[in-house]
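Written out below as structure tokens is the structure these notes cover.
Chain letters run A, B, ... following the sequence lines, proteins first, then strands; residues in each count from 1. Everything numeric here is computed off the predicted structure, so don't read it as measured data.
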Amino acid sequence: MDEHYSPEEVESRWQEYWEKNKLFRADEDSSKEKYYLLEMFPYPSGKIHMGHVRNYTIGDVVVRYKKMKGLNVIHPMGWDAFGMPAENAAIDNNTHPAAWTYDNISSMRTQLKRLGFSYDWEREIATCRPEYYCWEQWLFLKMLEKDMVYRKESYVNWCEHCKTVLANEQVEADMCWRCGEPVQQKKLWQWFFKITDFAEDLLVYCDKLPGWPEKVTVMQKNWIGKSIGSEIKFRIEGQDNYIKVFTTRPDTLFGATFMCLAPEHPLVDSLSRGTSQAEAVKAFVDKIADQERSTDALEKYEKEGVFTGAWCINPVNGRRMPIYTANFALMEYGTGAVMSVPAHDQRDFDFAQKYGLEIQIVIEPETKNPDTHTGSMSQAYTEPGILVNSGEYTGMDNIEAMDKITQRLQEKGLGKKTVSFRLRDWGISRQRYWGTPIPVIHCPDCGVVPVPESELPVVLPEDANLLENGASPLPSLDYFKKTTCPKCGCSDAKRDTDTMDTFVESSWYFIRYCSPRCDTAMFDPKAVKYWMPVDQYIGGVEHAILHLLYSRYFMRVLNHLNLIDFKEPFTRLLTQGMVCKETMTCPKHGYIFPEDAQTAGDNNTLTCKKCGSTIDVGRVIKMSKSKKNVIDPNILLSKYGADITRLFCLFAAPPEKDLEWNDDGVEGCYRFINRVWRLALKLTADENPGKPFRGELSKLKDDGAGKLYAKAHQTIKKVTEDIENSFHFNTAISAVMELVNAMYAGDLDSDDTELKSVAAFCMETVVLLLSPIVPHFAEELWEKMGHEPSIVDEPWPEYRKDALVTDEILVVVQVNGKLRSKFTIAADSDDEALKELALADEAVQRHINDKPVKKIIVVKKKLVNIVV
RNA sequence: GCCGAAGUGGUGGAAUUGGUAGACACGCCAGACUUAGGAUCUGGUGCAGCGAUGCGUGGAGGUUCAAGUCCUCUCUUCGGCACCA
């Protein structure tokens with residue numbers, strides 16, 4: 001029995017079979033329950049990596065399982081094809097982004113097919129095709145019509161040297177990635193989606209997504225960042241004008257001693273004009289405007305500010321408060337103005353100390369802390385407490401005071417309860433070439449005019465080439481840019497030459513899959529009604545916020561436009577972990593590939609083949625080309641084939657955890673597959689093979705056969721539950737391994753028909769249970785075992801409850817909670833019998849050692865604990 | 001700083017409602033079969049000890065007949081957000 005399983009012959013044959021027989025084509029069938037499984041579609045970078053393999057393997061197993069369970073499954077695949085890497089590659093390789101992208105798509109498609117994934121390739125889409133982005137432009141126009149999108153001036157990263165806009169990813173340490181010159185901020189008119197209109201709804205529904213990992217909903221909630229507080233008006237001294245602030249702590253209002261405005265706040269200029277501070281303020285505002293705005297840069301700046309020369313009045317106690325402009329006040333949050341309460345906010349406290357501003361304590365802990373009485377506090381007191389120095393509210397609990405004070409202000413028309421969000425509107429304009437053109441026209445007379453629906457799509461010209469610095473050619477392409485105004489017909493109109501953020505395409509692709517060739521609408525409502533929402537979505541946790549939030553937002557947009565009747569796109573979400581591997585670093589060459597290292601004479605250390613230095617084997621981190629710790633799936637495929645690659649990805653770790661790559665582990669999976677292979681061949685080689693046991697349990701008299709049969713049903717139960725409940729394929733696989741081990745442990749050469757029959761049943765079970773995981777291998781064995789193809793259409797095995805129990809059970813005996821002995825006993829024995837046997841045990845007696853027995857605890861059919 | 005997750009053998013990882021800690025696999029050790037073994041099969045493998053036994057789930061307490069699991073405190077690592085008023 002030396003025959004080895006050879007994946008290369010088997011796998012391509014079955015892949016052809018599946019494709020030819022269209023086994024994975026999805027058709028609407030209202031008589032059947034549907035199941036929509038989706039994995040995050042890839043960016044066509046050229047090659048799939050282990051992260052893709054893992055992601056798509058997980059999905060494929062579930063699809064094949066659900067199909068065997070009788071569900072009508074849809075499992076589509078496509079390409080997130082717009083974006084910057086295509087532009088970079090085009091410049092580096094002197095090609096066109098489109099050519100590069102389409103080449104990559106075709107080679108990646110081949111790779112995915114090589115892995116045996118069960119996609120319905122007839123539904124394939126690529127977001128860079130006009131048939132796709134046409135509907136994105138259509139939706140944009142609908143949103144424009146309904147005021148869900150607007151234009152405003154906003155900052156972009158600008159490289160003066162290259163005369164081009166840079167995406168955030170193109171800014172490296174404040175410098176242009178291509179030329180190394182400093183990046184500036186430039187104000188441009190840009191389009192925004194009003195995602196903030198749905199902030200509350202997106203937030204509320206975070207708690208109505210039981211199928212999502214809590215980690216992700218928590219991250220989304222934090223991102224949306226709702227805070228409840230009050231809006232309070234402070235009158236400007238000498239004017240009839242007010243400054244509005246947002247605060248979450250209206251209870252500290254009596255302690256507000258100064259005011260801070262964001263440098264961009266519209267009042268900053270008018271307040272300081274004509275005062276002695278005017279110049280200082282202007283200098284400060286200019287300085288802040290020049291500063292880089294990335295979050296990295298923000299950390300570096302100290303809190304600073306400048307007095308505007310103006311004062312405002314605290315509405316509750318009439319205190320004169322100096323108005324500052326300060327860099328920590330953000331125009332984007334709240335109202336862009338902060339009432340500063342240095343006694344109870346650490347940031348305000350630091351600022352007050354720096355500029356010698358007054359600190360007024362208004363809250364004290366219930367057990368008085370002397371520190372808060374003195375004028376020399378060392379830090380702000382931010383805990384709850386009792387109000388002091390707060391007029392009629394003195395003595396009140398601060399939580400209660402929040403509402404009371406706000407209520408009072410509201411009565412006077414000086415304030416109200418309000419909500420503020422951290423989430424900002426989604427800026428979608430990109431001054432890049434390789435993206436969906438924004439379908440509007442700018443007319444000197446009519447202003448912004450939407451492209452008429454009949455003229456869609458606005459096709460991205462694919463005969464244009466990127467400019468040398470990577471800039472978009474669109475603004476200089478007259479035949480694209482110059483057009484006539486659809487409204488007034490004048491010929492001075494210009495197309496918008498910006499394209500949309502590529503996150504827009506990925507926000508609705510899953511709905512397009514329902515009717516991918518529909519050319520009369522964004523989607524066919526009937527198909528969407530049947531297939532949507534996605535039942536199970538699988539992808540990397542790196543998309544926990546943006547992509548998943550945008551997709552949820554887009555479904556709300558479609559819902560608001562009465563195009564769909566649901567709001568949440570993904571019922572269940574699985575965020576799989578990363579694929580990791582250790583890194584190797586040479587002191588001279590930096591990161592090196594494992595093949596450039598060799599073991600030194602002492603067999604313990606690794607040295608660099610090039611220079612002989614000792615190699616440092618570093619931490620296990622995510623596979624990355626630059627860290628040289630990648631495994632190329634192609635190499636695995638040619639060495640082990642698809643099934644074993646898939647098996648390892650599933651066996652090494654549960655899907656939500658990071659997976660550490662281990663070459664020996666793959667080898668182990670290869671051994672397991674061969675072990676099953678040999679076992680199956682042995683059983684089928686029998687001249688008089690057993691028929692899979694389907695008879696009465698009572699007919700299984702032989703102990704070995706009975707136990708093995710029970711084990712098989714326990715395995716079915718375990719595997720089914722592991723897949724159904726948690727996608728824990730690692731434990732499912734180990735359960736099958738146990739069953740295989742049990743079969744090997746039995747008498748394989750026995751002539752006993754009963755045992756042979758049970759063995760045949762076990763073998764069939766093993767192959768069926770493994771079939772979603774190693775589909776080619778399973779098909780091959782299934783056929784060899786005398787079945788008609790395809791195993792894809794076989795029903796998933798069901799376990800027999802009555803077969804799960806065995807006649808004998810194992811009982812453990814503890815003395816004072818410590819394990820001292822075990823024995824087996826008939827399953828129907830009562831507690832008394834257990835007690836008796838436990839006490840009679842020699843080892844148990846030794847530990848009781850004449851001490852009086854205080855108590856005996858019996859856990860039914862499981863355990864006896866004797867307390868002495 | 002805030003929010004979240006996780007700490008179990010040499011390694012990846014298992015452990016229903018609290019009830020045999022370490023399933024399964026890798027690695028290692030031994031044996032069998034072999035011209036050979038880096039194939040295969042069998043057995044062993046948490047640590048200490050010849051042994052009986054003792055100790056063991058990041059650490060310290062606690063609840064319980066019984067704790068990886070529950071409670072309190074604490075340490076470490078990873079992830080996310082971060083001048084958010």
What N/O pairs connect the protein and nucleotides 1-12 of chain B at under 3.5 Å? Give each pair on its own line.
residue	atom	partner	partner atom	Å
B:G12	O2'	A:A652	O	2.7

Exercise for the section: Please list, chain by chain and in numerical order, all residues satisfying ring pair (Phe, Tyr, Trp, His ring centres under 6.0 Å) with A:F234, sequence neighbours excluded. Expected result: none
Problem - Heavy-atom side-chain proximity of A:Q360 to A:P342 below 4.5 angstrom - result: no
Exercise for the section: Please work out if A:I733 contacts a base, only the sugar-phosphate, or nothing of the nucleic acid, heavy-atom cut-off 4.0 Å. Expected result: nothing
Problem - NZ/NE/NH1/NH2 to OD/OE distance under 4.0 Å, A:K221 and A:D207 - result: yes
Practice task
Scan A:A735 against the nucleic acid and name what it touches under 4.0 Å (heavy atoms): base, sugar-phosphate only, or nothing.
Solution key: nothing
Exercise for the section: Determine the contact category for A:G336: base if any of its heavy atoms lies under 4.0 Å from a base atom, sugar-phosphate if only primed atoms, P, OP1 or OP2 are that close, otherwise nothing. Expected result: base
Completion exercise
Atom CG of A:D722 and atom C1' of B:A23 are separated, to the nearest Å, by 12 Å
Problem - Interatomic distance where CG belongs to A:L810 and C1' belongs to B:G19 [whole Å] - result: 13 Å
Completion exercise
Protein-proximity profile, nucleotides 61-72 of chain B, B/S/- by nucleotide at the 4.0 Å heavy-atom cutoff, equals ----BS------
Exercise for the section: Under a 3.5 Å limit for both distances, which nucleotide forms a Watson-Crick or G-U wobble pair with B:C78, could you say? Expected result: B:G4
Exercise for the section: Kindly label the base of B:G10 as syn or anti, based on whether its glycosidic torsion lies within 90° of 0. Expected result: anti
Handout entry: B:U20: pairing nucleotide in any strand, Watson-Crick or G-U under 3.5 angstrom
Key = none
Practice task
Classify the nucleic acid contact of A:R820 as base, sugar-phosphate or nothing, counting any heavy atom under 4.0 Å across all strands shown.
Solution key: sugar-phosphate
Practice task
In whole angstrom, give the distance that lies between atom CG of A:L659 and atom P of B:C78.
Solution key: 20 Å
Practice task
Name the pairing partner of B:A85, where a pair is Watson-Crick or G-U wobble with both distances under 3.5 Å, or state none.
Solution key: none
Handout entry: Beyond-backbone contact of A:K354 with A:E304, side-chain heavy atoms, under 4.5 angstrom
Key = yes
Handout entry: Mate of B:C41 where both pairing distances stay under 3.5 Å, Watson-Crick or G-U
Key = B:G31
Exercise for the section: With the side chain counted from C-beta on, respond yes when A:V338 and A:F246 share a heavy-atom pair under 4.5 Å apart, and no when they do not. Expected result: no
Practice task
Please tell me if the side chains of A:R820 and A:V813 come closer than 4.5 Å, counting only heavy atoms from C-beta onward.
Solution key: no
Exercise for the section: Could you tell me whether the side chain of A:V676 reaches within less than 4.5 Å of the side chain of A:M743, counting heavy atoms only? Expected result: no
Practice task
Would you classify A:H728 as touching base, sugar-phosphate or nothing, given that sugar-phosphate means primed atoms plus P, OP1 and OP2, and contacts are heavy atoms under 4.0 Å?
Solution key: nothing
Problem - Within-4.5 Å side-chain heavy-atom neighbours: A:F672 and A:V740 - result: yes
Handout entry: Close side-chain approach of A:L209 to A:R552, heavy-atom, < 4.5 Å
Key = yes
Handout entry: Parallel, tilted or perpendicular: rings of A:W677 and A:F777 (30°, 60°)
Key = tilted
Problem - B:G61 pairs with, by Watson-Crick or G-U criteria that keep both distances under 3.5 Å - result: B:C71
Exercise for the section: Give one of base, sugar-phosphate or nothing for A:D348, where a contact means two heavy atoms less than 4.0 Å apart. Expected result: nothing
Exercise for the section: Using atom CZ of A:R422 as one end and atom C1' of B:C81 as the other, report the distance to the nearest whole Å. Expected result: 6 Å
Exercise for the section: Looking at every strand, decide which applies to A:K818 at a 4.0 Å heavy-atom threshold: base, sugar-phosphate, or nothing. Expected result: sugar-phosphate
